[in-house]
Amino acid sequence: MAPHSRPCDITVVGAGVVGVATAWAAVRRGLSVELVDRAEGPGLGASYANGAQLSYAYTDAMAGPSLWKQIPGLLAGSDPAFRLRLNGHPAIWRWGLSLLANANGSRLRRNTLHTLALARDSRQAMQALLERHPIDFQHHVAGKLHLYFNDAALRAGAKMVELKRAHGVRQVLLDAEAASDVEPALAQVEGIRGAVYSPDEAVGDPWRFSAGLLDTMRGRYPLQARFGFSLESIRRSAGEWLLSSREGEVIQARKLIVCAGIDSAALLRPLGIRLPLMAIKGHSLTVPCGPRAPATSITDTARKLVFCRLGDRLRIAGLADINDWDPAVDPARFGQMLDLARQSLPDAGDYTRILHRWAGLRPATPDSVPIIANAREGLTCNVGHGMLGWTLAMGSAERAVALALGEAGTTPWPGRG
Ligand SMILES: Cc1cc2nc3c(=O)[nH]c(=O)nc-3n(C[C@H](O)[C@H](O)[C@H](O)COP(=O)(O)OP(=O)(O)OC[C@H]3O[C@@H](n4cnc5c(N)ncnc54)[C@H](O)[C@@H]3O)c2cc1C
């Protein structure tokens with residue numbers, strides 16, 4: 001690797017899956033990159049132990065017509081999968097109204113297809129990376145079954161299948177028997193009314209990916225990674241960005257790409273940049289596989305849980321606590337998720353031996369579409385990947401770097417609708 005003098009061509013803030021992928025999209029073009037993060041290593045924020053799903057086909061936006069029916073349950077706190085904190089961050093009001101503005105059929109279609117295109121780019125970018133550098137992160141195409149337990153939900157699911165099939169996605173609607181033929185472990189699940197099968201969906205461990213890709217870049221590409229740099233303020237001076245850490249260090253940046261997940265909004269607000277991001281906290285648990293662990297990834301749409309196999313372990317993720325900004329595991333919520341998992345797939349894992357408990361904050365936009373846009377001269381945002389940041393990281397990275405280099409047209413700034 002040829003030595004390079006600072007500042008690098010591109011400085012990336014945040015070394016989650018999105019930031020590491022963004023660094024890759026830049027170094028693969030021959031650019032020098034400085035990647036900074038306050039943590040001790042890559043992938044330790046929201047990316048660390050997420051659901052591990054590369055959901056290239058399931059890009060359905062969070063807000064759609066069915067959201068209206070969920071509101072009473074949300075307000076009453078009667079649906080164990082969701083919590084809404086109205087007394088948390090005041091941004092909830094503006095964000096919530098914007099979410100409701102997206103809760104109709106045409107926005108659902110628009111937002112889902114927008115994300116679908118990004119997912120398609122992501123799959124291609126991932127394939128291209130792995131052809132060049134085989135990274136071990138337990139990546140495999142497992143296929144996915146979305147299970148439905150009532151007819152109304154199944155009909156809504158079927159509509160989305162129709163929409164995405166028209167855009168080249170392989171998805172089929174199955175009855176309970178056909179779903180069990182695909183995944184015999186479903187014999188343990190009661191009350192299935194139907195399922196959507198997406199044979200091309202993949203899984204992979206996001207932390208292993210982040211660490212593996214960083215190692216790959218460090219050895220072969222002009223990348224400097226600086227961990228333990230807690231960015232406090234960003235200012236413009238003489239045509240460059242100056243990044244100051246809490247400890248008083250300063251980094252010069254020619255072109256800055258911000259990938260700081262949920263913290264991006266607070267980081268950029270002093271520059272007058274408003275990012276409509278809301279924390280949606282989720283939890284995950286990892287257990288040894290049980291006697292009937294599914295080989296196919298499973299989404300229980302009633303309990304809002306995802307299950308997938310990573311080697312001899314089962315990763316389960318779920319819960320959506322809107323406007324909860326504390327990334328620590330909440331023992332009560334974790335216990336609820338464990339109960340839901342036992343109800344859903346009782347023999348899939350050894351629930352008596354929990355190997356890992358985790359919580360993370362999904363950085364969510366009201367339309368479920370990430371914000372990949374130039375915000376100021378030399379400052380690009382790559383944030384707001386919500387429920388699908390692992391899935392969308394590679395394609396988002398390519399778009400962000402193209403934008404930073406002026407290769408792509410402008411994308412709408414948030415407030416887009
Ligand atoms: C329970 C759960 C399950 C999920 N399951 C899936 C799934 O199955 N599939 C999927 O596609 N997505 C899933 N997601 C969503 C996905 O994990 C996120 O969208 C994604 O991790 C966001 O990545 P990111 O790189 O933007 O953020 P992060 O991973 O949070 O990275 C941001 C980085 O910025 C750094 N940073 C922040 N502020 C500063 C600062 N001031 N100075 C320096 N560094 C800073 C942080 O330390 C962090 O490393 C899930 C999320 C959760 C919580």
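Hydrogens, waters and symmetry mates are skipped; everything else that's a heavy atom, side chains included, is used. Counting starts at 1 for both ligands and their atoms, following the listed order.
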* Asked: Does Leu54 reach the side chain of His139, with side-chain heavy atoms less than 4.5 Å apart?
  -> yes
* Asked: Leu388: heavy atom below 4.0 Å from ligand 1, yes or no?
  -> yes
* Hey, does Cys259 sit under 4.0 Å from ligand 1 if you only count heavy atoms? -> yes
* Got the closest protein heavy atom to atom 2 (C) of ligand 1, with its distance? -> Arg362 NH2, 3.8 Å
* To do: Determine, considering heavy atoms only, which of Arg315, His283, His385, Arg38 sits nearest to atom 39 (C) of ligand 1.
  => Arg38
* Asked: Does ligand 1 have any atom that is closer than 4.0 Å to a heavy atom of Val306?
  -> no
* Within a strict 4.5 Å, meaning less than it, do heavy atoms of the Ile316 and Tyr351 side chains meet? -> yes
* To do: Going by the salt bridge (charged side-chain N to carboxylate O under 4.0 Å, His left out) test, name the single residue among Arg362, Lys281, Arg333 that passes it with Asp321.
  => Arg333
* Structure fact -> Looking only at non-hydrogen atoms, the one of Val203, Asn50, Thr299, Val20 nearest atom 50 (C) of ligand 1 is Asn50
* Should Arg399 and Asp121 count as an ion pair when the cut-off is N to O under 4.0 Å? -> yes
* For atom 24 (P) of ligand 1, grab the closest protein heavy atom and report residue, atom and distance to one decimal in Å. => Val18 CG2, 3.8 Å
* Could you walk me through whether Tyr221 and Trp24 pass the ring-ring contact (aromatic ring centres under 6.0 Å, His included) check? -> CA-CA 9 Å; Tyr221 296 88; Trp24 163 250; 5.3 Å; yes
* To do: Name the option, out of Lys281, Arg246, Met387, that contains the heavy atom nearest to atom 12 (N) of ligand 1.
  => Met387
* Structure fact -> The closest protein heavy-atom partner of atom 33 (C) of ligand 1 is Asp37 OD2, 3.5 Å
* Asked: Between Arg254 and Glu240, does at least one N-O distance fall below 4.0 Å, as a salt bridge requires?
  -> no
* Which is it for Glu183 and Lys144 under the salt bridge (Lys or Arg N to Asp or Glu O under 4.0 Å) test, yes or no, and what are the steps along the way? -> CA-CA 10 Å; Glu183 177 49 73; Lys144 177 145 61 174; over 6 Å; no
* ligand 1 and Gln53, any nitrogen or oxygen pair closer than 3.5 angstrom? -> yes
* Asked: Should one rank Gly16, Gly389, Gly261, Ala46 by closest heavy-atom distance to atom 30 (O) of ligand 1, which comes out on top?
  -> Ala46
* To do: Given ring-ring contact (aromatic ring centres under 6.0 Å, His included), test His283 with Trp358 step by step and report yes or no.
  => CA-CA 6 Å; His283 283 73; Trp358 179 78; 8.4 Å; no
* Determine, using heavy atoms of Ser55 and all atoms of ligand 1, whether some pair is separated by less than 4.0 Å. => no
* To do: Report the residue from Leu275, Leu256, Ile257 that forms a side-chain contact (heavy atoms from CB on, under 4.5 Å) with Cys381.
  => Leu275
* Structure fact -> Note: heavy atom closest to atom 3 (C) of ligand 1, options Ser210, Pro206, Ala359, Gly51, belongs to Gly51
* Asked: Please state which protein non-hydrogen atom is closest to atom 29 (O) of ligand 1 and give its distance, to 0.1 Å?
  -> Ser47 OG, 2.5 Å
